[in-house]
Amino acid sequence: MTNRLTALSVKATALALALGFSAQVAANMYRYTDENGQIVISSTIPQEATKRGYDILNDNGRVIDTIPPAPTEEEIAAREAEKQRQKELAEQREQDRALLKRFSHPDQAVKAMHRKIRELEGLIQLKRGNISVISSQLDNEQSRAANMERAGREIPEAMLEKIRRLEAQIRDIEREITSQTQEIEELRRAFEADIERLEEVTGETRTLPLDHTETEN
């Protein structure tokens, strides 16, 4: 019997606590500003008013929580812009670290640029030399073909095919030269941007000219 009464007491106590908690929750009120700018205290809050922010009050009228206003489109845009700016700053810092691993002074980058440009220009010179050799062969074949044509003889297909092949080789090499010339310009622009950034990051100024031909004179 005593155990039964104890169990009933526990249940009654739990129920009372639950009811008290529910009453406390139900007693919470909302304080917000309506569309006319007036302060309103109510047990409910319109959906539109939640966007302007509001306070949650307990049964004693004290603020127990504050819900901030929903961000405006301008604020959202500003946050996104700041997020993008921070991302770009982080990327720039990473790029600067990688750049400083390669070069500790702008002059080191200038020397590296000169070296790479000279290498590419050397390749272009070799290709121009190849064009000269092929052009000489082409001239010989074209002269032979012209002599045969003047003599009224039929030009062999093998000779015509050789002429076409030599012409194609010259065109291919000229395209390679054009591509490498563009590569030199792109390389130069990339290095000059790195050199300028190195001057900003290190506080050092380059002492070497950007044009490699000036260092050769």
Side-chain angles (χ1 to χ4, degrees), residues 77-78 80-217:
E80 290 300 319
E82 177 61 19
K83 189 186 298 183
Q84 181 63 27
R85 190 180 74 86
Q86 292 298 329
K87 179 183 177 182
E88 291 173 356
L89 285 174
E91 290 175 351
Q92 184 63 65
R93 285 193 292 269
E94 186 59 34
Q95 290 171 6
D96 289 344
R97 280 194 292 269
L99 183 60
L100 288 170
K101 285 182 180 180
R102 294 167 57 204
F103 311 110
S104 60
H105 191 280
D107 281 348
Q108 290 182 339
V110 174
K111 291 177 182 178
M113 177 180 69
H114 291 174
R115 183 171 59 253
K116 288 183 177 296
I117 288 177
R118 289 192 188 99
E119 289 173 359
L120 289 171
E121 287 180 341
L123 291 175
I124 289 175
Q125 285 300 110
L126 287 175
K127 292 179 187 299
R128 294 193 188 283
N130 290 339
I131 287 178
S132 295
V133 172
I134 297 171
S135 293
S136 179
Q137 296 175 3
L138 178 61
D139 288 341
N140 290 335
E141 293 300 321
Q142 288 175 334
S143 295
R144 289 176 57 197
N147 290 334
M148 294 177 69
E149 195 172 36
R150 282 193 293 270
R153 295 168 54 193
E154 184 176 352
I155 302 173
E157 181 59 30
M159 181 178 290
L160 293 173
E161 176 58 29
K162 185 176 182 179
I163 290 172
R164 288 191 290 268
R165 186 174 67 253
L166 292 171
E167 290 173 338
Q169 288 176 353
I170 291 174
R171 287 194 299 271
D172 288 343
I173 296 174
E174 286 176 341
R175 279 194 291 269
E176 291 174 6
I177 290 174
T178 299
S179 176
Q180 287 185 324
T181 301
Q182 292 174 348
E183 184 179 350
I184 288 175
E185 292 307 309
E186 291 170 2
L187 182 145
R188 191 192 306 277
R189 285 194 293 270
F191 262 102
E192 288 179 358
D194 285 346
I195 292 164
E196 183 177 350
R197 184 60 185 170
L198 279 167
E199 289 181 325
E200 294 177 11
V201 174
T202 65
E204 301 285 349
T205 304
R206 67 176 174 83
T207 63
L208 298 175
L210 294 177
D211 187 349
H212 68 287
T213 60
E214 294 182 21
T215 62
E216 297 172 354
N217 296 331

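For the single chain, residues carry numbers from 1 onward in sequence order.
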Minimal non-hydrogen separation, F191 against A112, with atom names
CE2-CB, 3.9 Å
Please evaluate residues K162 and M159 with respect to the criterion side-chain contact (heavy atoms from CB on, under 4.5 Å), reporting the C-alpha separation (whole Å), side-chain torsions for both, the decisive distance (0.1 Å), and the verdict.
CA-CA 5 Å; K162 185 176 182 179; M159 181 178 290; 5.6 Å; no
CD (E196) with more than 12 external heavy atoms under 6.0 Å
no
Does K127 have any salt bridge (Lys or Arg N to Asp or Glu O under 4.0 Å) partners at least two apart in sequence or in another chain, and if so, which?
E176
Of the non-hydrogen atoms in I163 and A145, which two are nearest, and what is the gap between them?
CD1-CB, 4.1 Å
Within a 6.0 Å radius of atom CD on E174, are there more than 12 heavy atoms belonging to other residues, nucleotides or ligands?
yes
Using side-chain contact (heavy atoms from CB on, under 4.5 Å), reason through R188 and E185 one step at a time and then give a plain yes or no.
CA-CA 5 Å; R188 191 192 306 277; E185 292 307 309; 4.0 Å; yes
Between K111 and H114, is there a side-chain heavy-atom distance shorter than 4.5 Å?
no
I'd like to check I177 versus I131 (side-chain heavy atoms, cut-off strictly below 4.5 Å). Are they in contact?
yes
Can you find a heavy atom in the side chain of R164 that is under 4.5 Å from one in the side chain of E161?
yes
Answer whether the closest heavy-atom distance between the side chains of L198 and Q108 falls below 4.5 Å.
no
Measure the CZ-CD distance between R128 and E121 for me, rounded to the nearest 0.5 Å.
10.0 Å
Give a yes or no answer on whether the side chain of E204 reaches the backbone of P106 with a donor-acceptor pair at less than 3.5 Å.
no
Please report the shortest heavy-atom distance between I134 and Q169, naming the atom on each side.
CD1-OE1, 3.7 Å
So, do L210 and M113 sit near enough that their side-chain heavy atoms are less than 4.5 Å apart?
yes
Measure the spacing between CG of N130 and CD1 of I173 and express it to the nearest 0.5 Å.
5.0 Å
With a 4.5 Å cut-off on side-chain heavy atoms, are L99 and V201 touching?
no
For the residue pair E82 / Q86, report whether a side-chain donor-acceptor contact shorter than 3.5 Å exists.
yes
Does the side chain of R197 reach to within under 4.5 Å of the side chain of D96, using non-hydrogen atoms?
yes
Residues R144 and E141 bridged, charged N to O under 4.0 Å:
yes
Enter the distance from R97:CZ to E94:CD here, rounded to the nearest 0.5 Å.
4.5 Å
Can you find a heavy atom in the side chain of V110 that is under 4.5 Å from one in the side chain of T207?
no
For R165, check salt bridge (Lys or Arg N to Asp or Glu O under 4.0 Å) against everything at least two apart and list the hits.
none
Residues that Q84 engages under side chain to side chain contact (heavy atoms under 4.5 Å, CB included), provided they are two or more places apart:
K87, E88
Is S179 reaching over with its side chain to a backbone N or O of R175, donor-acceptor style, under 3.5 angstrom?
no
Could you pull out the closest heavy-atom pair between T202 and S104, with the gap in Å?
CG2-O, 3.8 Å
Which distance, rounded to the nearest 0.5 Å, do you find between the NE2 of H105 and the CD1 of I195?
11.5 Å
Walk me through whether E167 and Q142 qualify under side-chain contact (heavy atoms from CB on, under 4.5 Å).
CA-CA 11 Å; E167 290 173 338; Q142 288 175 334; 3.5 Å; yes
Gap separating the OG1 atom of T181 from the CD atom of E186, nearest 0.5 angstrom:
11.0 Å
CZ/R189 to CD/E192 distance, rounded to the nearest 0.5 angstrom?
9.0 Å
Please determine whether the number of non-hydrogen atoms from other residues, nucleotides or ligands lying under 6.0 Å from atom CD of E154 exceeds 12.
no
